[in-house]
Amino acid sequence: MPGYTTLEQINAASDELEAALGDWQRPAAYGMGVATKGPSGDILDVWYPQPNLATNAFVPAALATATGYRSGTETFEMTAEQVDQFIEICAPAESYAAVPHPNLAAARVMRSMLDAEPPLGGERLVVASFIGSLDDAPINPIDSYLRLHLLSTRLVAPHGVSVEGIFGKLTNVVWTNLGPFEVEGFELKRGQLRAMGHNVVVNGVDKFPRMLDYVTPSGVRIADGGRVRLGAHLAEGTTVMHNGFCNFNAGTLGTSMVEGRISAGVVVGDGSDVGGGASIMGTLSGGGTEVISVGKDCLIGAQGGIGISLGDNCIVAAGCYVTAGTLVTTPDGTVVKAKELSGHDGLMYIQNSQTGAVEARARKSGSSWQGLNQDLHKN
Ligand SMILES: CC(C)(COP(=O)(O)OP(=O)(O)OC[C@H]1O[C@@H](n2cnc3c(N)ncnc32)[C@H](O)[C@@H]1OP(=O)(O)O)[C@@H](O)C(=O)NCCC(=O)NCCS
């Protein structure tokens, strides 16, 4: 097929593809990935080299043509012929060099992986996943992994795509230096791998892999890859130190220093610092129902913690833990539950070392906290 040399030709090809699909609806997000299927048939992981929001019609329509997708949230295990068909449909667009073609490059890499040695933990598959609406709940592991990739590649911010019930959709997996393995039968497998001369390092047994084994976002530093789960959203300029932690569907929106814990669902604003050993309560186990956020230019001091949201320009003193029910003395002397102050700007929370009372003071200009050290965030 001759190449398309103008955008008009690509648009015409796109219209033709969509017309041939008939009654189809462009998805909100989609991607092709490489999955590992364990011996019992469970999907252990999926790597999506190029997840997408459906900002154009051509590529999702090409993938729908190859897979038979028409609408809604659906996943497909693709045959090699379907992958070839997708590549064939997209290849003429390469002649138009003004736009990049990352999906085509990724599809070629994935196609070559089908001819390579299978992974040690099971079978290798190329899969396709379509999310009809970002509000649709995850339907299976293939779909769940696309959502985690959308978050970690920063195509969507935390809470930008539904992850409702995702724990129930993901498989618990033995994550090793040799890839993912099923938990059932792993000891025997470990012996077989050793007999083959492999040094087996188990990084964890979990439903979520380490983010860096799947996505490497630009402009971030992560001192210990085991501390950031796939599905974390780390903005440019974020530094996660060795004891920092970031869960899935959570993370930073701008430059941040993370030396404490960002629990699932928590969002930290630009210019904020989560100090060493600090804790931000999540909603998964024993936390409240409020999704906690930290505004811009905040400091949660070392070993401090919050179960309420902070507005902009707030400080929680080192060692001061403010839960939703903590009774706090406000600047005018009244005592309120901390949840009443949730989201307020410009407050400094301290635990008075003389009285033990937790106090919220209006922030003053002469504080020792004057924002992040910018040199630490030129990542
Ligand atoms: C809360 C904090 C920011 C206050 O620092 P600051 O803004 O420089 O303020 P100061 O220490 O000058 O304190 C202001 C006033 O409050 C008083 N104060 C501060 N902490 C107090 C406490 N826990 N109990 C009673 N009074 C306290 C000070 O004595 C001072 O009183 P003064 O005005 O009469 O002199 C600081 O104590 C803190 O906890 N920083 C955390 C740093 C950190 O952990 N970073 C992360 C590293 S990983």
Side-chain angles (χ1 to χ4, degrees), residues 220-224 226-228 232 234-235 237-247 250-263 266-282 292-338 340-379:
V220 304
R221 286 194 289 134
I222 298 170
D224 180 347
R227 310 281 305 170
V228 179
L234 300 180
T238 298
T239 295
V240 183
M241 292 300 287
H242 301 77
N243 282 319
F245 171 76
C246 190
N247 214 328
T252 58
L253 301 181
T255 303
S256 271
M257 174 59 82
V258 183
E259 298 191 80
R261 198 173 69 238
I262 302 179
S263 305
V266 170
V267 181
V268 175
D270 185 28
S272 289
D273 184 321
V274 183
S279 142
I280 308 174
M281 280 163 79
I292 291 179
S293 60
V294 173
K296 292 181 187 166
D297 301 316
C298 291
L299 166 67
I300 306 175
Q303 303 292 349
I306 49 169
I308 59 166
S309 294
L310 300 182
D312 295 341
N313 197 28
C314 289
I315 291 179
V316 177
C320 177
Y321 208 117
V322 186
T323 65
T326 300
L327 294 173
V328 181
T329 307
T330 61
D332 66 9
T334 55
V335 176
V336 298
K337 287 190 176 173
E340 314 267 333
L341 301 174
S342 185
H344 282 235
D345 297 336
L347 291 177
M348 176 170 89
Y349 294 89
I350 62 164
Q351 181 159 28
N352 191 307
S353 55
Q354 297 282 289
T355 65
V358 175
E359 299 173 3
R361 300 182 178 184
R363 279 211 58 193
K364 297 205 178 98
S365 55
S367 171
S368 56
W369 161 251
Q370 294 293 332
L372 294 172
N373 176 350
Q374 293 306 327
D375 288 346
L376 300 179
H377 299 277
K378 290 177 191 148
N379 298 333

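Remember, it's 1-based here, ligands and their atoms both numbered in the order they're listed. Everything numeric in this text was worked out from a predicted model, so none of it was measured.
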Indicate whether atom 34 (O) of ligand 1 is within a distance of less than 4.0 angstrom of some protein heavy atom.
-> no
Polar contact flag, side-chain donor to acceptor under 3.5 angstrom, Arg363-Asn313 | yes
Run the contact test for Arg361 against ligand 1 with a 4.0 Å cut-off on heavy atoms, strictly below, and give the result.
-> yes
Apply the test side chain to side chain contact (heavy atoms under 4.5 Å, CB included) to residues Tyr349 and Ile308: give CA-CA distance (whole Å), side-chain angles for both, the deciding distance (0.1 Å), then the verdict.
-> CA-CA 12 Å; Tyr349 294 89; Ile308 59 166; 3.7 Å; yes
Output yes when a side-chain donor or acceptor of Thr252 lies under 3.5 Å from a complementary backbone atom of Leu234, and no otherwise.
-> no
Are the side chain of Thr238 and the backbone N or O of Gly254 linked by a donor-acceptor pair below 3.5 Å?
-> yes
Does the protein put any heavy atom within less than 4.0 Å of atom 16 (O) of ligand 1?
-> yes
Considering all protein heavy atoms, does one lie under 4.0 Å from atom 39 (O) of ligand 1?
-> yes
Atoms in ligand 1 with a heavy atom of Ser368 nearer than 4.0 Å = 5 (O), 6 (P), 7 (O), 8 (O)
Pair Ser256-Ser272, side-chain hydrogen bond (donor to acceptor under 3.5 Å, both in side chains): steps then yes or no | CA-CA 5 Å; Ser256 271; Ser272 289; 5.4 Å; no
Distance to 0.1 Å, residue and atom name: give those for the protein heavy atom nearest to atom 4 (C) of ligand 1.
-> Met348 SD, 4.1 Å
Does any N/O atom on Ile300 come nearer than 3.5 Å to any N/O atom on ligand 1?
-> no
Answer yes or no: is there a donor N or O on one side and an acceptor on the other, between the side chain of Glu359 and the main chain of Met348, under 3.5 Å?
-> no
Heavy-atom nearest neighbour in the protein, as seen from atom 7 (O) of ligand 1, with distance rounded to 0.1 Å | Ser367 OG, 2.8 Å
Atom 25 (C) of ligand 1 within contact range, any protein heavy atom under 4.0 Å = yes
Does some side-chain heavy atom of Ile262 sit less than 4.5 Å from a side-chain heavy atom of Val268?
-> yes
Using a heavy-atom cut-off of under 4.0 Å, does the side chain or the backbone of Gln354 touch ligand 1, or both, or neither?
-> neither
How far is atom 20 (N) of ligand 1 from its nearest protein heavy atom, and which residue and atom name does that atom have?
-> Ile350 CD1, 4.2 Å
Mark yes or no for whether Asp270, through its side chain, and Thr255, through its backbone, hold a donor-acceptor pair below 3.5 Å.
-> yes
For atom 3 (C) of ligand 1, which protein heavy atom lies nearest, and how many Å away is it?
-> Ile315 CG2, 3.8 Å
At under 4.0 Å between heavy atoms, what of Lys364 touches ligand 1? The answer is neither
Would you say atom 31 (O) of ligand 1 has a protein heavy atom nearer than 4.0 Å?
-> no
Close side-chain approach of Thr330 to Leu341, heavy-atom, < 4.5 Å | yes
For atom 28 (C) of ligand 1, is the nearest protein heavy atom under 4.0 Å away?
-> no
Who's the nearest protein heavy-atom neighbour of atom 45 (N) of ligand 1, and how far?
-> Leu299 CD1, 3.9 Å
Does Ile350 reach the side chain of Arg361, with side-chain heavy atoms less than 4.5 Å apart?
-> yes
If we only count N/O pairs under 3.5 Å, is Asp273 in contact with ligand 1?
-> no
Within 4.0 Å of some non-hydrogen atom of Glu259, the atoms of ligand 1 are 48 (S)
Asp297 side chain to Asp312 main-chain N or O, any donor-acceptor pair under 3.5 Å?
-> no
Polar contact flag, side-chain donor to acceptor under 3.5 angstrom, Thr326-Tyr321 = no
Test side chain to side chain contact (heavy atoms under 4.5 Å, CB included) on Arg227 and His242 and set out the steps.
-> CA-CA 8 Å; Arg227 310 281 305 170; His242 301 77; over 6 Å; no
Among all protein non-hydrogen atoms, which one is nearest to atom 37 (O) of ligand 1, and what is the separation to 0.1 Å?
-> Ala317 CB, 4.7 Å
Hey, is ligand 1 close enough to Gln351 that some N/O pair sits below 3.5 Å?
-> yes
Stepwise, does the side chain to side chain contact (heavy atoms under 4.5 Å, CB included) test hold for Cys298 with Ile315?
-> CA-CA 6 Å; Cys298 291; Ile315 291 179; over 6 Å; no
Ser353 heavy atoms within 4.0 Å reach ligand 1 at atoms 22 (C), 23 (N), 24 (N), 25 (C)
Atom 12 (O) of ligand 1: any protein heavy atom closer than 4.0 Å = no
May I ask you to list the atoms of ligand 1 that are less than 4.0 angstrom from any heavy atom of Asn352?
-> 24 (N), 25 (C)
Of all the non-hydrogen atoms in the protein, which one sits nearest to atom 44 (O) of ligand 1, and at what distance?
-> Ala302 N, 2.7 Å
Evaluation steps, side chain to side chain contact (heavy atoms under 4.5 Å, CB included), between Ile306 and Ile292 = CA-CA 8 Å; Ile306 49 169; Ile292 291 179; 4.1 Å; yes
Can you pull out the closest protein heavy atom to atom 48 (S) of ligand 1? Residue, atom name and distance to 0.1 Å, please.
-> Gly276 N, 3.2 Å
